[in-house]
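Whatever order the structure lists them in is the order used to number ligands and atoms, beginning at 1. None of the values given here were measured: they were computed from a predicted structure.
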Amino acid sequence: MKNKALLLGTLGGSWSIVPEVLGFTNPGQIKLFAQREDLGEISEGLPQIDEVWLATTNGDISKSAAEKLRAWQALLGKAAPPIRIWAPEKVDDLTSQKQADSMREMIWRLALRACDERGSENVCFCLAGGRKTMSADLQTAATLFGSSMLLHLIETGFLPEHLRNKPEPKTFANELSKEDAMLFKPVILDRNLPKAEIIELKGENDGQSVNSTRFPIAMAPTDGMAFPVIVENDLKRTIEERRKRARNLLYHYAGTLTQSTAGQPFQALYVLPPAVITKLKADRIGVDPIAEKDELIWLEKLPKTDLHCHLGGVADAMDLIRIAKAMREDLDKAATPELMQRQKEWRAILLGQGPAALKEQIHKSADGYKADLKRIAQETRTKPWAVNTALISIFADLPSLLEEFIFGKYLNSENFVKIGILKYEALGDMQGSSLLQSESAIREMCRVLIEKCRKENISYIEVRCSPVNYTQNGLSETQIVQIVQSELAKALPQLHSSLIIIGSRHRKFSDCCRHVELATDILNESWYDARVPIVGFDLAGDEAFEPEKFAPIFRPLFEKCLHITVHAGETQSVESIWKAVYTLNAERIGHGLELANMPKLVDHFLDRGIGVEMCPSSNFQIVGFKDRFIETSDRLKIYPLKKYLDMGLKVCVNTDNPGISRTNSSLELHRAARLIAGGLSRWDILQLIKNGFSASFVSYEKGREILLKAEKEILTILGQEHG
Ligand SMILES: [Zn+2]
């Protein structure tokens, strides 16, 4: 049995093309060439046509051709297959670019619909008939959407008068003489053209392939004609865009075959034109102070992650005042007359002698601010957190004085370098456990964090917290997790967040055990909000530790498949990183500044895809590195981030304690660039961002969704910048 197919063709003045083709394809019904002895042989290689679709113009010649075709069809009756004819409205002759464009859009849509409905293996394209531009459109359509056959019809000799120049329908309704019949011959130009890959690909913004639902054309009747209105050439535009992207992809793919690239960049970037990628690789930021403002605007726009951020270090001076305000009721309840009296005295000192004098007045203990709070709490018969909140409150209208009170000489960034971990941590003494002892405080801190993330266009954050430290005022650890989860969930779906519970090495061992228990136990609680999941556990604090001591208590974390990250290689040697990876199964390392000192371990990081969470500002402030924009750091060592990046390590940039380090995610990326001789290229920055997405502890499925959304956003931003 012969294969049945739809014939898609174009129609000009010569309407008889249709019966001529059908005479060969459907010899059983159309007897035109019955006299030919070779008819069976010719017909054997052609499909049987069961429907004809024709594209034509609205001109007089075409219209009269269509009429004659219909008259011929009427003479044949049921022997002729159904014929449908389309002519784009306002396209009377193909004499302008606009008309030619509309015709092409219509022909392509017809071809797309035919191939979608019948399968391209059942669509035969006929190039005879119509203008040359129409045949060209048809031929391109066949290479795009696929075709069983590309057919042409030629005349093998000089046609007599009754067969040419608008022949009469009845001539073609009967058998031609043997002599006349021998004057026509079908020629097969191509067979079994497959659908082009760029059509099948799900792309653009809607994740759809190119199909006839997306680029529709209404069905024409089997009598008369359809006159579709072609407004936009969007099928053509979409195909052009896809071709361009495919070319770029191929170019970049060929490039990656011949040169190795460290790291795994956003794959979607490879659809950008090669010249744009070259520019992204060449254009460096963090080199020229004058360009800083523009660079920060660019960095801010990009979707980012923050995988290393301590809830207890988020607030700056303004935020502290805001949180203290939110705690007004808590404070009213806890405040004693003695504390209120103390507040008045503090305020008088602040206004009379300034923040430094006030600091002197309060800081009496050699053990630091927290010991001071305890002492004052005893003296005023209240709680340390209430003393702290009361103290912050006196700065309500004077945030810059609070900044001065907290940071002192470190307000000048020239001084805020290499100050060591203890002095750095002391700058966060007014927040963390001194502040977050009530629901209102914790909620407000979460809101502060969400607002910062929004401003910075953070798509995903992993928030670290130590619930055990926030239980001094009666909240339980589980209540604290519940509060944090419910507050962070409000930022969905723009901002996805997860929690990492911190185990502290330098606090009581029992606290760390309690946190392990918390992280594993509450996963099955009914109130547990899986939208803001606990994804991991972090071992923080003093690095001079014996991991062997922690390994046994980590076992429940392993059993729940929780991810592990460990602060290591910040203030201690590479040994601490090795221990974290080999004893505690760390999948990410916080800071990891010493990693390069053990090449074998670097290899292990590369093999296992272990992430390195770097926090440039806090690293600069605590350990000290050369920042090209800060003169006092000139003699300090080189930050290892670029080396890690070039090695292909999954290194990402994070804020650590944005309130203490006086930073945000964009500033961190900028600082990372400044810490490197010659800065970082925009391509490097995109790689750092990508690493953040791929090093996250979020579930595979959700992570993929977040990554794809970010990729799309980045592509749009770069597309706008580079036309
Ligand atoms: Zn940290």
Side-chain angles (χ1 to χ4, degrees), residues 305-316 416 418-429 431-433 436 445 449 452-453 458 461-470 484 497-507 511-512 515 519 535-545 547 550 563-572 576-577 580-581 584 586-595 610-625 639-641 651-665 667-668 671-672 692 695-697:
T305 63
D306 193 349
L307 303 184
H308 188 136
C309 176
H310 297 266
L311 186 65
V314 163
D316 60 26
F416 199 5
K418 206 182 173 185
I419 69 169
I421 185 86
L422 294 177
K423 280 186 185 158
Y424 176 86
E425 278 180 347
L427 298 173
D429 277 349
Q431 47 190 312
S433 58
L436 302 177
M445 186 65 119
L449 177 61
K452 285 180 196 280
C453 288
I458 300 291
I461 183 164
E462 284 175 8
V463 184
R464 287 166 201 232
C465 60
S466 309
V468 173
N469 300 353
Y470 306 150
V484 174
S497 40
S498 302
L499 300 183
I500 292 178
I501 304 292
I502 304 174
S504 213
R505 287 181 282 228
H506 59 283
R507 283 173 188 267
D511 278 1
C512 190
H515 267 161
V535 290
F537 197 84
D538 168 34
L539 200 57
D542 188 2
E543 285 183 31
F545 73 113
F550 289 89
H563 300 278
I564 308 292
T565 173
V566 175
H567 278 71
E570 182 185 19
T571 53
Q572 293 286 320
S576 67
I577 305 177
V581 170
L584 301 176
E587 293 158 75
R588 282 198 326 237
I589 291 294
H591 309 300
L593 301 171
E594 300 295 322
L595 177 59
I610 298 172
V612 185
E613 311 153 357
M614 299 193 92
C615 309
S617 284
S618 102
N619 297 154
F620 172 82
Q621 291 152 355
I622 294 170
V623 183
F625 293 96
Y639 197 48
L641 178 138
V651 48
C652 57
V653 165
N654 310 278
T655 58
D656 207 358
N657 299 286
I660 302 174
S661 285
R662 304 164 58 74
T663 191
N664 59 45
S665 296
L667 283 168
E668 283 312 279
R671 168 89 82 170
S696 85
F697 287 161

Would you call the rings of His310 and His567 parallel, tilted or perpendicular, taking 30° and 60° as the class edges? tilted
Could you tell me how the ring of His515 sits relative to the ring of Phe537: parallel (under 30°), tilted (30 to 60°) or perpendicular (over 60°)? perpendicular
Distance col, row Leu593:CG vs Glu570:CD, nearest 0.5 angstrom, shows 6.5 Å
Regarding Lys452 and Asp316, does a basic nitrogen lie under 4.0 Å from an acidic carboxylate oxygen? yes
Please tell me if the side chains of Ser696 and Thr305 come closer than 4.5 Å, counting only heavy atoms from C-beta onward. no
Would you list the protein N, O or S atoms within less than 2.8 Å of the Zn ion (ligand 1), leaving out water? His308 NE2, His310 NE2, His567 NE2, Asp656 OD1
Cation-pi check, Arg671 onto Phe620 ring (under 6.0 Å, within 45° of axis): yes
